[in-house]
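Inspection log for the structure reproduced underneath, given as structure tokens.
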Amino acid sequence: MELMRIFSYASIILSISVYLLPIMVNSIGINYGQIADNLPSPENVVPLVKSIGVTKVKLYDADPRVLGAFANSGVEFMIGLGNGDLEKMRDPNNAQDWVKQNVQAHLPDTKITCIFVGNEVLTFNDTNLSDNLVPAMQSVHTALVNLGLDKQVTVTTAHSLGILQTSFPPSAGAFREDLVDILSQTLSFHQKTGSPFLINAYPFFAYKGNPKQVSLDFVLFQPNQGVIDPTTNLHYDNMLYAQIDAVYSALASLGYKKLPVHISETGWPTKGDEDEAGATPDNAKKYNGNLIKLMSQNAGTPLRPDSDLNIYVFALFNENMKPGPTSERNYGLFKPDGTPAYALGVTNNNTASGSIGNGVTMPFSPTSSSTGYLSISSATGRHKFVGHTLMVASLLLIKTLV
């Protein structure tokens, strides 16, 4: 039976190579979640990942089966340390034991380059978690230093866009006032250790929250008229880049203008509940396919055109055991049997089907409130949704649409 499964996956991967290859570029990573009971073995995932050209994988734990399976594959790994382990990791001895077992034991065969300590901790509004975040990061980094691994493995944490108080216009991006102190501590840590600032950004949440006001074309990187930031005069034709530049502006406001920002999660679901507008295979295809095309151009955002975004798409597989709304179980590029969930519409020269350029679609109706564009909902813990209205632009600002 196992032999038959191996042959089956070999056949599937061969067909995928024709069907999708090469859809990815080197700057695109993939989130490999495993909250499911029907996923292929890690050994079968390796050729699947390599067949689509992915060179970076983000793992939500440090599963030794996965890390062992990817040994000598050349794939870079970002591994996770869960929120429930933060208090324990304050103890330097516990942190060193964890790093020895989950990092050092796999190097250099498996290319582990980053550890993210905690996921979206600050938007849980749990003081016990937030109080333990920076000490845990420091202990893990110290363990890496003690083991001589700090030059090849960095330490960071992943944030939700819910840490922003203001996101529009992007030049006015600012962090929540109640989080400035703890964020300043994490930012100081990033600057001292040379680690990136991770943000999880989902335009899907903004569209789902207000589909009548948010233009689908604006969130899917489709042709649209876009918006202009009145302060910088920069033009934005997609929501993701506007969100990222709001983060850059927020960092600059605290004195961290040069800190690198990586997008640790972004994606679009193929299926959702009745109140999850836009969750369809066609929209997922457009979002991820167009995103990949943009990344293949090796260009950054309007505010930081020369920055490497290092985007990680969510996710590799649909995960049938994830709690929450239906969308949470349907973000995968692939079904559990290894077949594509949809065709990305990207040809062999990395050009997406259809153009991405000037158009006439408005990001939102100029006769309505712009709250829909500015309302960003974040996935806290990847399954608990928290609505977060960031800013209401004035009618004068809305008139800056071009």
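What you see below is based on every heavy atom in this structure, not just the backbone, and it leaves out hydrogens, waters and symmetry mates.
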*Side-chain contact test, heavy atoms from C-beta onward, threshold under 4.5 Å: evaluate it for Gln152 versus Thr113 and give yes or no.*
no
*So, Gln34 and Tyr60: side-chain donor and acceptor under 3.5 Å apart, yes or no?*
no
*About how many Å separate CD1 of Ile244 and CG of Leu303, when rounded to the nearest 0.5 Å?*
11.0 Å
*Run the numbers on Lys58 and Glu265 for salt bridge (Lys or Arg N to Asp or Glu O under 4.0 Å), then give the verdict.*
CA-CA 9 Å; Lys58 177 166 162 271; Glu265 288 183 19; 3.6 Å; yes
*With sequence neighbours left out, what residues match Asp126 under salt bridge (charged side-chain N to carboxylate O under 4.0 Å, His left out)?*
none
*Mark yes or no for whether Asn44, through its side chain, and Pro40, through its backbone, hold a donor-acceptor pair below 3.5 Å.*
no
*Listed by chain and number, what are the side-chain hydrogen bond (donor to acceptor under 3.5 Å, both in side chains) partners of Asp178, not counting sequence neighbours?*
Arg176
*Under 3.5 Å, is there a donor-acceptor pair between the side chain of Asn83 and the main chain of Asn119?*
yes
*Please list all pairs passing the salt bridge (Lys or Arg N to Asp or Glu O under 4.0 Å) test where one or both residues lie in residues 311-321, with sequence neighbours left out.*
none
Donor-acceptor pairs under 3.5 angstrom involving side-chain atoms of residues 277-284: please list them, not counting sequence neighbours.
| unit_1 | atom_1 | unit_2 | atom_2 | d |
| --- | --- | --- | --- | --- |
| Thr280 | OG1 | Asn283 | N | 3.1 |
| Thr280 | OG1 | Asn283 | ND2 | 3.3 |
| Asp282 | OD2 | Lys286 | NZ | 3.3 |
| Asn283 | ND2 | Gly278 | O | 2.9 |

*asked:* Side chains of Lys285 and Asn290 only: does a donor on one sit below 3.5 Å from an acceptor on the other?
replied: no
*asked:* Side chains of Asn320 and Asp37 only: does a donor on one sit below 3.5 Å from an acceptor on the other?
replied: yes
*Hey, what do you get for CG (Asp245) to CG (Asp229), rounding to the nearest 0.5 Å?*
8.5 Å
*Let me see the working for Val117 and Leu86 under side chain to side chain contact (heavy atoms under 4.5 Å, CB included), right down to the final yes or no.*
CA-CA 8 Å; Val117 178; Leu86 296 185; 3.4 Å; yes
_Side-chain (Ser130) to main-chain (Leu122) donor-acceptor, under 3.5 angstrom_ = no
*Using the ring pair (Phe, Tyr, Trp, His ring centres under 6.0 Å) rule, collect all pairs that involve residues 245-294, keeping only residues at least two apart or in two chains.*
Phe204-Trp268, Phe221-Tyr287, Trp268-Tyr287
Compile the donor-acceptor pairs under 3.5 Å between side chains in residues 180-189 and protein atoms, sequence neighbours left out, one pair per line.
| unit_1 | atom_1 | unit_2 | atom_2 | d |
| --- | --- | --- | --- | --- |
| Ser184 | OG | Val180 | O | 2.8 |
| Thr186 | OG1 | Leu183 | O | 2.8 |

Can I get a per-line list of side-chain donor-acceptor pairs under 3.5 Å for residues 140-151, giving both atom names and the distance, sequence neighbours left out?
| unit_1 | atom_1 | unit_2 | atom_2 | d |
| --- | --- | --- | --- | --- |
| Thr142 | OG1 | Gln138 | O | 2.9 |
| Asn146 | ND2 | Gln96 | OE1 | 3.2 |
| Asn146 | ND2 | Thr142 | O | 3.4 |

*Give a yes or no answer on whether the side chain of Thr110 reaches the backbone of Leu67 with a donor-acceptor pair at less than 3.5 Å.*
yes
*With rounding to the nearest 0.5 Å, note down the distance linking CG in Leu164 to OG1 in Thr123.*
11.0 Å
_Which residues share a salt bridge (charged side-chain N to carboxylate O under 4.0 Å, His left out) with Asp109, sequence neighbours left out_ = none
_Is a donor from one side chain sitting under 3.5 angstrom from an acceptor on the other, for Asn94 and Lys88?_
no
_Show me the pairs that pass salt bridge (Lys or Arg N to Asp or Glu O under 4.0 Å) and involve residues 295-307, at least two apart or across chains._
none
*Who are the side chain to side chain contact (heavy atoms under 4.5 Å, CB included) partners of Asp131, not counting sequence neighbours?*
Thr127
*Any side-chain heavy-atom pair from Ile30 and Phe314 closer than 4.5 angstrom?*
no
*Set of residues satisfying salt bridge (charged side-chain N to carboxylate O under 4.0 Å, His left out) with respect to Glu76, sequence neighbours excluded*: Lys111
*Check whether any side-chain heavy atom of Leu216 lies under 4.5 Å from a side-chain heavy atom of Gln222, and answer yes or no.*
no
*asked:* Tell me whether the rings of His159 and Phe197 are parallel (<30°), tilted (30 to 60°) or perpendicular (>60°).
replied: parallel
*asked:* Donor-acceptor check, side chain of Asn288 to backbone of Gly267, threshold 3.5 angstrom: yes or no?
replied: no
_Test ring-ring contact (aromatic ring centres under 6.0 Å, His included) applied to Tyr331 and Tyr342, Phe317, Tyr202, the passing residue_ = Tyr202
*Going by atom types only, do Asp217 and Ser215 share a side-chain donor-acceptor pair under 3.5 Å?*
no
*asked:* I'd like to know if the side chain of Ser195 and the backbone of Val155 have a donor-acceptor N/O pair within less than 3.5 Å.
replied: yes
*Can you name the ring pair (Phe, Tyr, Trp, His ring centres under 6.0 Å) partners of Phe77, sequence neighbours left out?*
Phe70
